[in-house]
A.B. asks: 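Here it is, the structure, as structure tokens.
Computation of the quantities below employed the complete heavy-atom set of this structure, encompassing side-chain atoms and omitting hydrogens, waters and symmetry-equivalent molecules.
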Amino acid sequence: MKQIEPSTKVTGLDIGKDWLALGLCDGQTHLRFANTMAGIAELIRQVQERAIDEASGNYARDVREALEAARLEVVMLQPIEVRAFARWHRLRSKSDKADAYLIALAAKA
């Protein structure tokens, strides 16, 4: 059986009512967009291969639909999964940027 290699092109998304935060696993790339149609279009241009979102209710619906329409893979993690990963690795997130990075790391693990 062939084993699938995890992608290094994982984009973590922290989606809120007004803002979209994007973080890559490299820990260097952090971008912020308005949660509007124009902001979503900008975000889509930045997603490399796979977008990982933490289940965040209705705020993420338009983003997920736009990503899927752009034929990008979208994966949703449950908040408890992200919190457990953070606790296990002794990571704390206090900002949207840090949350987006943490989501990307959790998905890559």
A.B. asks: Between CG of Asp14 and OH of Tyr101, what distance do you get to the nearest 0.5 Å?
C.D. replies: 15.0 Å
A.B. asks: Write down the atom of Ala106, the atom of Leu77, and the distance for their closest heavy-atom approach.
C.D. replies: CB-CD1, 4.2 Å
A.B. asks: Could you tell me the separation between the CG atom of Leu43 and the CG atom of Leu13, rounded to the nearest 0.5 Å?
C.D. replies: 5.5 Å
A.B. asks: In Å and rounded to the nearest 0.5 Å, what is the CD1 to CZ distance from Ile15 to Arg61?
C.D. replies: 12.0 Å
A.B. asks: Could you tell me which non-hydrogen atom of Leu72 sits nearest to which non-hydrogen atom of Glu49, and how far apart they are?
C.D. replies: CD2-O, 3.9 Å
A.B. asks: So, taking the atom named CD1 in Ile44 and the one named CZ in Arg71, what distance separates them when rounded to the nearest 0.5 Å?
C.D. replies: 13.5 Å
A.B. asks: Taking all atoms of both residues into account, what is the closest heavy-atom pair of Gly12 and Ala104, and its distance?
C.D. replies: N-CB, 3.5 Å
A.B. asks: Any heavy-atom pair between the side chains of Val75 and Arg50 that's under 4.5 Å?
C.D. replies: yes
A.B. asks: So how far is it from Gln78 CD to Arg83 CZ, rounded to the nearest 0.5 Å?
C.D. replies: 10.0 Å
A.B. asks: For Asn35 and Ile40, what are the C-alpha separation, side-chain angles and deciding distance, and is it a side chain to side chain contact (heavy atoms under 4.5 Å, CB included)?
C.D. replies: CA-CA 6 Å; Asn35 194 351; Ile40 293 170; 4.0 Å; yes
A.B. asks: Could you grab the distance from atom CD1 of Ile103 to atom CD of Glu81, nearest 0.5 Å is fine?
C.D. replies: 11.0 Å
A.B. asks: Might you point out which heavy atoms bring Ala55 and Pro79 nearest each other, and give the distance in Å?
C.D. replies: O-CG, 3.6 Å
A.B. asks: Do Asp53 and Leu67 come within less than 4.5 Å of each other through their side chains, counting heavy atoms only?
C.D. replies: no
